[in-house]
Undergrad: 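Take this structure, written in structure tokens, and hold onto it; I'll ask about it next.
As the structure is a computational prediction, the values presented were derived from the model and not from experiment. Chain identifiers are assigned alphabetically (A, B, ...) following the order of the sequence lines, protein sequences preceding nucleic acid strands; residue numbering begins at 1 within each chain.
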2 protein chains.
Amino acid sequence: MDARQIQQVRRFNRLITQRVGALDHDYLRRGRPLGEARLIYEIGTGGAEVRALRARLGLDSGYLSRLLRSLETQSLIRVRKAPDDGRLRRVELTAKGRAELATYDRLSDRLAQSMLSPLGAAGRERLIAAMAEVEHLIRAVEVRVEAPTGADARWCLNQYFGELAARFETGFDPAKSNPAPDAEMIPPAGVFVVARLDGAAVGCGALRRIDRTTGEIKRMWTAPAARGCGVARKVLQTLEATARSWRLTTLRLETNRTLAEAQALYRGEGYREVAAFNDEPYAHHWFEKRM
Amino acid sequence: MDARQIQQVRRFNRLITQRVGALDHDYLRRGRPLGEARLIYEIGTGGAEVRALRARLGLDSGYLSRLLRSLETQSLIRVRKAPDDGRLRRVELTAKGRAELATYDRLSDRLAQSMLSPLGAAGRERLIAAMAEVEHLIRAVEVRVEAPTGADARWCLNQYFGELAARFETGFDPAKSNPAPDAEMIPPAGVFVVARLDGAAVGCGALRRIDRTTGEIKRMWTAPAARGCGVARKVLQTLEATARSWRLTTLRLETNRTLAEAQALYRGEGYREVAAFNDEPYAHHWFEKRM
DNA sequence: TCCATTCCCTGACTTTAGTCAGAGATCTTG
DNA sequence: CAAGATCTCTGACTAAAGTCAGGGAATGGA
């Protein structure tokens, strides 16, 4: 990561907060406190539950309650008990509230148009292509420890095995491979992590303890649609952080020769190829990293 | 400008304000009110005058004064009379203030790093290339009416004539071309506009009244470094807005065959080629647009 | 020299934003 | 059904952000 790259990213960040951040502050508020405006936006046409709003906007319960009361007296929203749970409250926009939301929509459109309009047809295509690229590359990947038995974890593992079967020259039969039962991916024997993009699972990975100082990386997988934006690297970094906290000094992993991207990732992150340390039948390359 | 493009731009804007806007709010503040933090950032190592700060940050005079007083009691800044004008005050960071600024710098770096670090070498290059592209295409071009006799206007016009001389197959001698004296580019006879990027002049254009309903576009020029990001289009749109406010219904212009980009711009903005309406010796194409 | 203007400051506000400690309903679990 | 947990609301705060109306010093032009 050289200084030129960092400078470019910083210049970009500065420009964008000025150009686009203006939206939040001037466009979106429209004479209304920003908090209320954001709230209307977050409630949306479909309505929402108060607790969900609190979580999404990260607001204090009392504060949110007061904001809702204010919108209610402006008759922009209607608050009712949730049908299934009497403690929860459901918020919905009134017709007036929906009109307000539509205005925000138009203003967002106008900002977008003001960015496109000075450009010619070719420039516009270049702009949206570049934006899509930036978007793809900086999407916030969240990596969290989860149980390997969870629904999303299972889904990732199934995808993973499916992909191995498709890509290995010999196909892939889990029964013939060295086993890694769930118990070995649950603390304290190991961990399993799931990577998410906007809430949807897009990758996974596991760390398994071998002995007091050695761990093994397993089950590294990224959904095809999310490749190239750092999901696997982030999963690996998360597993390594866990390994460090466990005071492991050596990490090992093995991989098949058809998984070229994986090998590039491992080498890039400081893994060096070593002699085979196990008899995994589907492995062609064995790697190790000293922490 | 189709809906898909607008959607992409809006998605991008939303994502970016979340990812990057976090900077302003969490990174930059560091236990200090955001207003003070921004102020330190804006003063910078070079110092600044109070009036300039007020203009740049758009703050109320009383509010800014109080912020400055607060930073002064924290001994982060020093305020003195400006040497040349006793009414103005000059603000400078103390050593402690500069240390604080350096911290913000490091935090900005860290944010940039956090965007780059999950990517591999190739991904990083792609990200900064895409960011540079977006940056180039959405830079805020400001177009303002200025006197054609101003220093920047003169500079633009010289560049313009220089470029004509270099590009026309026959060279260019202003004396042989139809004249457009300064007086005809000053209201009410006409207007002259200068386009600026970050304050620096990067283009110009003029509108001249022919009769009660007809105007003529002249002196359209964009600095080579700023081409492709909509400077000329914005200049043209500004001149057209003026023409409309003057109730002109027809706009004319002529151009040389070597200026292909210009012709593409005119056609794209709704100008149609017409028969020669004057005897400009350097012109090959004559255009007209009904408003 | 006088007078309008510019610039910065002070005092006296208001509005937003956000926090914290309960209270009162409602649900879940043993 | 009792006990504990969850959810929303109210009251009582504080801090930050921003506005408005002058006032005094310095300047520039008539």
Undergrad: How close or far is atom P of C/dC8 from atom CG of B/Leu67, stated in whole angstroms?
TA: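 To the nearest whole Å, that distance equals 14 Å.
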Undergrad: When rounded to the nearest 0.5 angstrom, what is the spacing between CG in B/Leu68 and CG in B/Leu39?
TA: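 Going from CG on B/Leu68 over to CG on B/Leu39, the span is 5.5 Å.
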Undergrad: Just the rounded figure in Å: distance from C1' of C/dA4 to CZ of B/Arg87.
TA: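 Taking CZ of B/Arg87 and C1' of C/dA4, I get 11 Å after rounding.
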Undergrad: Stepwise, does the salt bridge (Lys or Arg N to Asp or Glu O under 4.0 Å) test hold for A/Glu92 with A/Arg90?
TA: CA-CA 7 Å; A/Glu92 257 146 39; A/Arg90 214 187 145 62; 3.1 Å; yes
Undergrad: Rounded to whole Å, please give me the gap between CG in B/Leu59 and C1' in D/dG18.
TA: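 Rounded to the whole Å, the gap is 9 Å.
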Undergrad: What contact category does B/Asp60 fall into here, base, sugar-phosphate, or nothing, at under 4.0 angstrom with non-hydrogen atoms?
TA: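 If one applies the 4.0 Å heavy-atom cut-off, B/Asp60 turns out to touch a base.
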Undergrad: How do A/Pro83 and B/Asp85 order along DNA chain C: which one's closest nucleotide is nearer the 5' end?
TA: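 It is B/Asp85 whose nearest nucleotide is closer to the 5' end.
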Undergrad: Rounding to a whole Å, what distance do you find between B/Leu88:CG and C/dC9:C1'?
TA: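 One finds 14 Å between C1' of C/dC9 and CG of B/Leu88, rounded.
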Undergrad: Using a 4.5 Å cut-off on heavy atoms from C-beta on, say whether the side chain of B/Glu100 contacts that of B/Arg32.
TA: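 Answer yes - side chains close enough.
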Undergrad: Does B/Lys81 make a side-chain N or O approach to OP1 or OP2 of C/dC7 shorter than 4.0 Å?
TA: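 Answer no for this pair, as no side-chain N or O of B/Lys81 is under 4.0 Å from OP1 or OP2.
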Undergrad: Do A/Ser61 side-chain and D/dC9 base share a donor-acceptor contact under 3.5 Å?
TA: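 Side chain to base: pair found, below 3.5 Å.
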Undergrad: To the nearest 0.5 Å, how far apart are CZ in A/Arg209 and CD in A/Glu184?
TA: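 Those atoms lie 12.5 Å apart.
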Undergrad: Looking at the side chain of B/Pro33, which of D/dT6, D/dA16, C/dG18 is the nearest nucleotide?
TA: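 Taking heavy atoms from C-beta onward, the closest nucleotide is D/dA16.
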Undergrad: Which nucleotide in the set C/dT10, D/dT8, D/dA17 lies at the smallest distance from any side-chain heavy atom of A/Arg54?
TA: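 Nucleotide nearest to A/Arg54's side chain: D/dT8.
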Undergrad: Rounding to a whole Å, what distance do you find between A/Leu64:CG and C/dA17:P?
TA: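 Result: 13 Å.
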Undergrad: To the nearest 0.5 Å, how far apart are CZ in B/Arg139 and CZ in B/Arg196?
TA: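 It is 15.0 Å, given to the nearest 0.5 Å.
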Undergrad: State whether A/Arg69 places a side-chain N or O below 4.0 Å from either non-bridging phosphate oxygen (OP1 or OP2) of D/dT10.
TA: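 The answer is yes; a side-chain N or O of A/Arg69 sits under 4.0 Å from OP1 or OP2.
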Undergrad: Between C1' on C/dC7 and CZ on B/Arg80, what's the gap in Å once rounded to a whole number?
TA: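 Spelled out: CZ on B/Arg80 to C1' on C/dC7 is 18 Å.
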Undergrad: I need the CG-P distance between A/Leu68 and C/dA17, as an integer number of Å.
TA: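 Atom-to-atom, A/Leu68 to C/dA17, this comes out as 14 Å.
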Undergrad: Quick check: on DNA chain D, is the nucleotide nearest B/Tyr63 upstream (toward 5') of the one nearest A/Ser65, or the reverse? Name the residue that is more 5'.
TA: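 First, find each residue's nearest nucleotide; the 5'-ward one identifies A/Ser65.
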Undergrad: Counting the atoms with a prime plus P, OP1 and OP2 as sugar-phosphate, which does A/Arg66 contact under 4.0 Å by heavy atoms, base, sugar-phosphate, or nothing?
TA: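 Result for A/Arg66 = base.
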Undergrad: Between A/Arg89 and D/dC7, is there a contact of a side-chain N or O with OP1 or OP2 at under 4.0 Å?
TA: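 No, A/Arg89 has no side-chain N/O under 4.0 Å of OP1/OP2 on D/dC7.
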Undergrad: Nearest whole angstrom, please: distance from the P of C/dC9 to the CD of B/Glu49.
TA: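 Computing the B/Glu49:CD to C/dC9:P distance gives 13 Å.
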Undergrad: Using the closest heavy atom to pick a nucleotide of DNA chain C for each, name whichever of B/Val50 or A/Gly35 lands nearer the 5' end.
TA: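 Counting from the 5' end, the first nearest nucleotide belongs to B/Val50.
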Undergrad: Can you tell which of C/dA17, D/dC9, D/dC7 lies closest to the side chain of A/Arg51?
TA: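 Minimum distance to the A/Arg51 side chain belongs to D/dC7.
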